[in-house]
Amino acid sequence: MQNFNYRTPTRLIFGEGVIAKLPSVLKPLGHKVLLTYGGGSIKKSGLYEKVIGLLADFEVIELSGIQPNPKYDPSVLEGVRLCKENDVDVILAVGGGSVLDCSKAIAAGAKYDGDPWDLITYKARTKDALPIVDIMTMAATGSEYDACGVISRTETNDKVLYANSHLFPEASFLDPTYTFTVSKRQTAAGCADAMNHTIEQYFAADTTLLNDGFCEAMLKSLMENTKIILEDPENYKARAEFMLCTTFGCNGILALGNSASGWPCHGMEHALSAYYDITHGEGLAIITPRWMKHILNENTVDRFVKYGVNVFGIDRNQDQMEIANQAIDATYDFFESIGIPMNLRAVGIDESRIDEMAHHVAENEGLEHAYAPLAEQDIAAIFRASL
Ligand code: NZQ
Ligand code: ZN
């Protein structure tokens with residue numbers, strides 16, 4: 001077991017109606033609030049009105065239009081400008097992972113005199129950030145319980161993971177009823193994202209029975225509850241358990257004491273969504289089984305057997321490679337069964353830029369150190385197998 005140093009300071013406020021506590025949570029953090037949100041789903045659902053009502057005693061400045069795969073320009077730059085010009089005290093992010101990630105970069109940029117891109121790319125150290133509170137309307141990324149944000153810069157095809165302990169939200173309001181309106185497509189993508197977060201941590205060289213058990217339970221719960229939600233989008237129990245699962249995806253709690261895995265599928269997917277602006281969870285679902293096939297060998301087969309037997313209930317009395325291949329097929333079949341388009345062409349990606357993307361990933365993602373090391377030609381092969 002590896003040494004670790006772990007802290008998650010975020011307060012989770014979970015359940016139907018918890019938003020009533022918003023004013024008392026915000027009050028100690030300041031008076032001027034930057035309210036950030038996306039393309040309009042919160043207006044359609046009525047949540048915007050509710051939030052504005054709860055903010056009656058605060059001064060509110062708004063940043064709307066934050067897109068999926070949030071963009072440095074204009075959203076982060078505009079948010080930083082608004083914070084500085086208005087002397088904002090606290091950011092309230094209302095939406096999915098994209099709105100929250102963007103808000104995290106804004107929170108840090110607001111406390112920095114130079115170009116915020118320096119912070120995102122670690123050219124400058126993040127020493128401070130505005131406090132962030134969020135109200136999640138989508139369950140997927142786990143951004144509400146972690147210190148990461150993923151920011152895209154279209155002109156350079158960059159999609160960069162930015163992590164810093166100052167980026168933990170102060171508090172996250174998680175009301176599963178706000179996710180009732182999430183479309184089937186986004187629900188499936190969220191499931192694939194959270195499953196992949198778990199898989200990225202499960203496939204490591206040194207793990208524990210405890211962590212393996214957490215991960216296996218997460219995967220089973222995500223699959224079971226997704227099936228229920230797709231049939232019955234307003235099923236509170238299923239939406240609630242799904243939301244709790246996704247919250248644990250990225251803050252390290254599933255891998256305390258594990259050796260690093262390198263998160264290879266995320267490294268590869270970030271290039272796909274940087275170059276083609278696709279939905280993160282769909283890109284992951286497409287890549288995951290192809291990555292699994294690519295890394296399956298005598299050294300990794302044991303992990304696949306455990307995964308196949310414990311997550312999918314595959315009969316353990318078979319040849320090890322046979323079990324592993326069945327586990328990979330079961331992963332593919334599950335994603336397909338929840339409606340995810342399972343090849344890159346179906347999401348608008350052809351082979352024209354595969355070598356360029358593979359080079360970009362090899363240069364920037366450090367996947368030569370992954371659980372199963374990936375060189376540029378491996379990455380290109382996985383992309384080609386995903387076409
Ligand atoms: O913009 P609006 O109108 O709000 O619509 C959004 C958006 O179009 C919609 N949506 C959200 N809540 C809804 C809703 N529609 C109806 N009803 C609701 N209640 O869903 C669409 C997708 O939203 P988005 O925020 O982009 O989705 P998600 O939460 O999956 O976030 C994806 C982003 O997070 C990054 C991804 O790379 C991607 O950029 N990630 C962040 C991580 C982190 N911070 O730890 C880790 C992840 O691995 C991931 O990389
Ligand atoms: Zn993810």
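In listed order, ligands and their atoms are each counted from 1. From a predicted model like this one, the values you see are computed outputs, not experimental measurements. Computed from heavy atoms alone, side chains included, the values below leave out hydrogens, waters and symmetry copies.
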Which is it for [X] and ligand 1 at heavy atoms under 4.0 Å: side chain, backbone, both or neither?
X	result
Ser143	both
Asp193	side chain
Gln67	neither

Atom of [X] nearest the Zn ion (ligand 2) (restricted to N/O/S, atom name only):
X	result
His280	NE2
Asp193	OD1
His197	NE2

I'd like to know if [X] contacts ligand 1, where contact means a heavy-atom distance under 4.0 Å to any ligand atom.
X	value
Glu269	no
Lys44	no
His270	yes
Gly40	yes
Pro70	yes

Is there a donor-acceptor contact under 3.5 Å linking the side chains of [X] and [Y]?
X	Y	result
Asp101	Ser143	yes
Thr181	Ser45	no
Tyr48	Glu62	yes
Lys159	Asn69	yes
Ser152	Lys71	no

What about [X]: any of its N or O atoms under 3.5 Å from an N or O on ligand 1?
X	value
Ser98	yes
Ser183	no
Gly39	yes
Ile42	no
Val99	no
Ser41	yes
Pro68	no
Thr181	yes

[X] with [Y], same ILVMFWY side-chain cluster at under 4.5 Å:
X	Y	answer
Ile379	Trp291	yes
Ile13	Leu244	no
Val182	Met195	no

Exercise. Can you spot which of Glu241, Lys237, Arg239, Lys220 makes a side-chain contact (heavy atoms from CB on, under 4.5 Å) with Asn225?
Key: Glu241

Nearest protein heavy atom to [atom], by residue and atom, and its distance?
atom	result
atom 23 (O) of ligand 1	Met138 SD, 4.1 Å
atom 37 (O) of ligand 1	Lys159 NZ, 2.7 Å
atom 47 (C) of ligand 1	His197 NE2, 3.4 Å
atom 43 (C) of ligand 1	Asp146 OD2, 3.6 Å
atom 41 (C) of ligand 1	Asp101 OD2, 3.0 Å
atom 11 (C) of ligand 1	Thr137 OG1, 3.6 Å
atom 49 (C) of ligand 1	His280 NE2, 3.3 Å
atom 29 (O) of ligand 1	Gly97 N, 2.7 Å

Quiz item: Does any non-hydrogen side-chain atom of Ile135 lie less than 4.5 Å from one of Leu22?
Solution: yes

Quiz item: Got a donor-acceptor contact below 3.5 angstrom from the Gln67 side chain to the Ser98 backbone?
Solution: no

Quiz item: Under 4.0 Å from atom 35 (C) of ligand 1, do we find at least one protein heavy atom?
Solution: yes

Quiz prompt | atom 6 (C) of ligand 1: any protein heavy atom closer than 4.0 Å | solution = no

Self-check item: Lys NZ or Arg CZ of Arg303 over Tyr202 ring: under 6.0 Å, within 45°
Solution: yes

Self-check item: Atom pair CG (Asp193) and SG (Cys265), whose distance is rounded to the nearest 0.5 Å
Solution: 11.0 Å

Quiz item: Between atom CD1 of Ile314 and atom CZ of Arg316, what is the distance when rounded to the nearest 0.5 Å?
Solution: 11.0 Å

Quiz item: Is it true that Phe248 and His197 have ring centroids separated by less than 6.0 Å?
Solution: no

Quiz item: Less than 6.0 Å separating the ring centroids of Phe203 and Phe304?
Solution: yes

Practice problem: Please state whether the separation between the Zn ion (ligand 2) and some N/O/S atom of Cys250 is under 2.8 Å? | Solution: no

Exercise. Kindly check if the number of other-residue, nucleotide or ligand heavy atoms within 6.0 Å of CG (Asp113) is above 12?
Key: no

